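What you are looking at is a predicted structure, and each value in this text was computed from that prediction instead of being measured. Because only heavy atoms are used, hydrogens play no part in the values below, and waters and symmetry mates are left out as well, while side chains stay in. Numbers restart at 1 for each chain; the letters A, B, ... are given by sequence-line order, proteins then strands.
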Amino acid sequence: MGSKSKLYKEYDLKVGLEIHFQLDTGRKLFCKCPIGLVEEPRGIKVVRRLRPTQSELGQIDPAAYFEFRKGIYIEYIAPPDYTCLVELDEEPPHLIDRDSLDTALRIADYLESNIVDEIHVMRKIVVDGSNTTGFQRSAIIALGGRVYVDSIGRYIGIQSICLEEEAARLIDRKGKKVIYSLDRLGIPLIEIATEPDISSPEEAVEVAKAIGRIVSATGVKRRGIGTVRQDINISVGGGTIVEVKGVQKLNQLKKVVEFEFRRHLGLIELAKILKDRGVKDDDFNKIMPIELSRIFESSECKVIKRGLARGRVVLGVRLPGFKGLLRRELVDGYWLGREMAERVRFWTGLKGIFHTDELPGYGISRTELELIYRATDSGEYDAVVFVVGDRGEALEALGRVIERAREALRGVPYETRAAKEDGSTFYMRPRPGMARMYPETDIPPIKITKEYLERIREKPITSPSEIVKKIVGEYGIGEDLAWRLYDSDQIELFIKIVKTINNISSKYAASFLTDRLPMLEEEGIEVSSINDNIIIESFKAVDDGLTEKEAILDIVKYCIENECNVARAIKDLGLHKLSDIGEVEGFINRLLESRKDLMSLPVDIRRKRIIGIVMSKYKGRVDPKTVIKIVNQKLGG
Amino acid sequence: MNSNLIDFYLRRKKLEYGDYVSIRMVDGSQYRGYIMPKHEFSAEDILVIKLDNGYNIGLRIDKIDEINREEPPKIREGVSLEDDYPQGMDLPNILVLGVGGTILSRVDYITGAVRSAVSAEELLSILPEVGKIARIDTDIIMNKYSEHLTPRDWSIIAKTIYEYVSSGKYDGIVVLHGTDTLGYTAAALSFAIQNCPIPVILVGSQRSSDRPSSDAALNLISTIRIAGYADIAGVYVAMHGGTSDNIVVLHKGTRVRKNHTSRRDAFQSIDVEPILTIDESGGIHYNHIELKRDPDRYPVLYPDFSEDVALVKFYPGMHRNILISLVNSGVKALIIEGTGLGHIGGHLFDTIGAIIRDGVKVFMTSQCIWGRVNMNVYDTGRILMKLGVVPLENMISETAYVKASWALGNFGERELVEIMRTNIMGEMIERSPIYGERGF
């Protein structure tokens, strides 16, 4: 760890986070629809196209224009419980949700951010279809500020705090059709952007955690998978800032920063090698794509064979000085050749590229490789990239390859990347120019008056550590357990449970929530979506002596799977506490009769084995203490 | 705009809207950006700044410590659309006329202000595909939101269109119009320009054209296609046929109504099938053709509209003074939107009788929107007819109002009742259809 952190410092790793938190104030940001997601999107389907609109200079964002020219059309599914005409872009937005605004202002205040005097909702152009309007409504609430991160012992600067609407949910892409569900569109989102003050992957996690805890303290943060998303801005050695989008988990965040740091270092190193080899930007001006189809007339390579049979061509370009660099590992399993392939996939319909660094291979022989080098006039240090496709598409692809190769001379390219689950990243699109925004004229500006701010400040956010301290003091649970409750957003539920129980300890309730309940995730049940009442009722049943506390998890699970209430679950599962201990005694007697083998075991093990058998039969129906007592009596312990 | 305070402030600081400035506030915070014009609802002591990241924020001027003009940052390059779509030669000639509305408004991304843009060049730069469909000329007759239009404007529009139609230069005319009163203008033009040799199609948009999701593009491209290629003549309205971007529907000018405040498919043909539909790829599907294009046909112009007509909706408890004051203000024809089959409350019978005896012509339509009035079924209807109220079959009330205004304007009071009862431009349909979409 120590050497690593020195490395981050030596190479001046700088990370800024943009964290998006969904809020649940009971309604969406610009309409009165309730907040929730459906499992299987159903509802009316609408087909739309979005046109990139022009700037004041008659120009259009290249990436947006590219999407439009591809002929992409969008199908929206509108689940009726969570959508109205506003989501369909068939009705103007309603006034902003005041509870969301109040929450954003409280957070801004807590983070010592400068709240603007008047809030202007803007339209941020987004034409990928994720917003039916073609823009995302977004407003700056406050600028500047700072957050003290205990675990790293210093302040991290805050850049801005925005309130915006969540985008629609991507369901599928099929050829030219992109399908979105509209249930998620319009959920209030608070975006908190930090300064690039973070200098290691571990710090990134700590900062995200600290900010998350503050938003949790508002009491309206949504829980569950996908309700918090991080975008990361990262630079190494004062170089290009790369944006990575869509990080959903904290351990993923750490991996993404590590991955990007190493990728940056690798690319900087690559640029050095190219410089040493004397490769210059001008060298690329002379490069022309060359047709290589004839070389492959009797090739064993399936992809090429199939392509040629369909009348496609093989075109290639020589990349001067790139030999060995296309396959040179930047990060484990990731190299420049893959970055080129990602570009080609984004800008064309082609699935990938071939390059000489990985040949012979893929059915391409040594002879063919030699012919490729010869046909492209390649020298000792040159590599060749080639593709199979329609001529136009192939030319476009090679253009993108050359573009990426050129960028390699300068180190890290300026681009937007997307994060994968495993922490690696891939090319998503070019960085958009200055975000094109214009005022949302359908929503009047909101003046933040002194009186309004005073009202907000009457109910400031209680700091997370105070909340935890209070829980520890009031309910006598350990601080560590209290933090775990806090971080899983279960404080509120915990308090509700404790208020309904008299005989079960608070500590048991807390550790049930933090340790046992998450076990349901393995069975495909999302804990955050469980109705609080099921858990509370289960505890109450135990507290009333109807069943034993070991049964709670089974009851909760049964209630969810069978959509029934707790009483029903106890009945169906046969979990009613045994009123007649005689039955247990009888069972133990029969057990001792029939299982002579048990008697040959050493006495302590014998005792444990018997208790285990009895408990697994009567789990949840009898107090373990009672069982132990009876067994001890029988065995004369 | 109540931005006097900001104007004053900027003058004093020798600054202007659109200037790029750096600002230091009293509390030490700093900002950089363009000075923006104010929103109508922005508070009077707020200066609106567009930051470098594109967001606007409002700052209170009494908290500004220092403000200085600076050199604005460079804007990164984008691509231009035009080059991809050369304008073809052998294409129909289409005239695009601007009357107003948001269909061809453009937003200024620096100021956020919306302005209309209808030079042929601008149109082609926004919708380059149009260059492949037609050769376009443009002219702006006026630039008004449609709720501000009056019968006098209908006259101006009708005369201009008539001139262009008579010139014989065009295969079709497209009129860009706000949607609020689009149906009224369509009816007005239907009556004013008769025997038309080519299609004249009004088109609007329900989402302003500066938004990526605007319906303007599909509406306008489809309308230009219909105007250039469909074998029809006369006055029509073309708008989205559903909430999806795949069908545009052509409605007859005298039978169309805006039936929703905000949906793309707000316009519907009332009690009649639309003339045709056109899909996104330009395929035209005819339902019925009433008049085919014929370059040898001579158009006839009746351009005048009277303002001495009123359209009133009856409601329970309506006070007779409303009717009396209308008549006192000089109204010569009164269209009543009655209930059901064409009724009004008995407490108004005397007043209606008196008005009619005074020489005012009173006509009956129904507030049901769909269906025909029939005043023979109930006493109420029969009494009203006896008093002299003239039922207007299934004419939609807005069209009835326009028609009365047109009839009075061009032919005077004497022939009014007869003209109103004669079907001239398909405004009344003898057979009530059993098909047809109603409501949403």
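- Between A/Glu87 and A/Lys28, at least one side-chain nitrogen of the basic residue sits less than 4.0 Å from a carboxylate oxygen of the acidic one, meeting the salt-bridge criterion.
- Residue B/Arg60 touches chain A through both its backbone and its side chain, counting heavy-atom pairs closer than 4.5 Å.
- For a residue to count as touching a neighbouring chain, one of its non-hydrogen atoms must lie under 4.5 Å from one of that chain's; by this rule A/Ile443 touches chain B with the backbone only.
- B/Asp215 does not touch chain A: none of its heavy atoms, backbone or side chain, sits under 4.5 Å away.
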From CA spacing to verdict: salt bridge (Lys or Arg N to Asp or Glu O under 4.0 Å), A/Glu440, B/Arg211: CA-CA 11 Å; A/Glu440 171 50 276; B/Arg211 326 163 48 129; 5.4 Å; no
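- A/Leu29 contributes atom CG, which lies 9.0 Å from atom CG of A/Leu189 (distance to the nearest 0.5 angstrom).
- For A/Leu85, the part lying under 4.5 angstrom from a heavy atom of chain B is the side chain only.
- Between chain A and the options B/Ala217, B/Pro212, B/Ser29, the largest number of non-hydrogen pairs under 4.5 Å is found for B/Pro212.
- The pair A/Arg429-A/Asp128 does not meet the salt-bridge criterion, since no charged nitrogen lies less than 4.0 angstrom from a carboxylate oxygen.
- Interface residue A/Thr132: only backbone heavy atoms are found under 4.5 Å from chain B.
- Heavy atoms closer than 4.5 Å to chain B are found in the side chain of A/Leu143, but not in its backbone.
- By the 4.0 Å N-to-carboxylate-O rule, B/Glu280 lies too far from A/Arg49 to be salt-bridged with it.
- Looking at B/Ile46, only its side chain comes within 4.5 Å of chain A, counting heavy atoms on both sides.
- The residue among A/Val46, A/Asp89, A/Leu50, A/Thr133 with the most heavy atom pairs within less than 4.5 Å of chain B is A/Asp89.
- The parts of A/Ser138 that come within reach of chain B are both its backbone and its side chain, each placing non-hydrogen atoms under 4.5 angstrom from that chain.
- Checked for salt-bridge contact, A/Lys447 and A/Asp117 miss the test: no charged N lies under 4.0 Å from a carboxylate O.
- Remark: A/Arg137 fails to qualify as a cation-pi partner of A/Tyr438 under the 6.0 Å distance and 45° angle criteria applied to the six-membered ring.
- Among residues at least two apart or in separate chains, salt bridge (Lys or Arg N to Asp or Glu O under 4.0 Å) pairs with a member in residues 27-37 of chain B are B/Arg32-B/Glu70.
- A/Lys245 and A/Thr416 are not linked by any side-chain donor-acceptor pair at a separation below 3.5 angstrom, with hydrogens and angles left out of the test.
- Of all residues in residues 73-80 of chain A, none places a non-hydrogen atom less than 4.5 angstrom from a non-hydrogen atom of chain B.
- For B/Ser205 (side chain) and B/Ala216 (main-chain N/O), no donor-acceptor pair under 3.5 Å exists by modelled atom type.
- Using a cut-off of 4.0 Å between Lys/Arg side-chain N and Asp/Glu carboxylate O, A/Glu403 and A/Arg400 are scored as salt-bridged.
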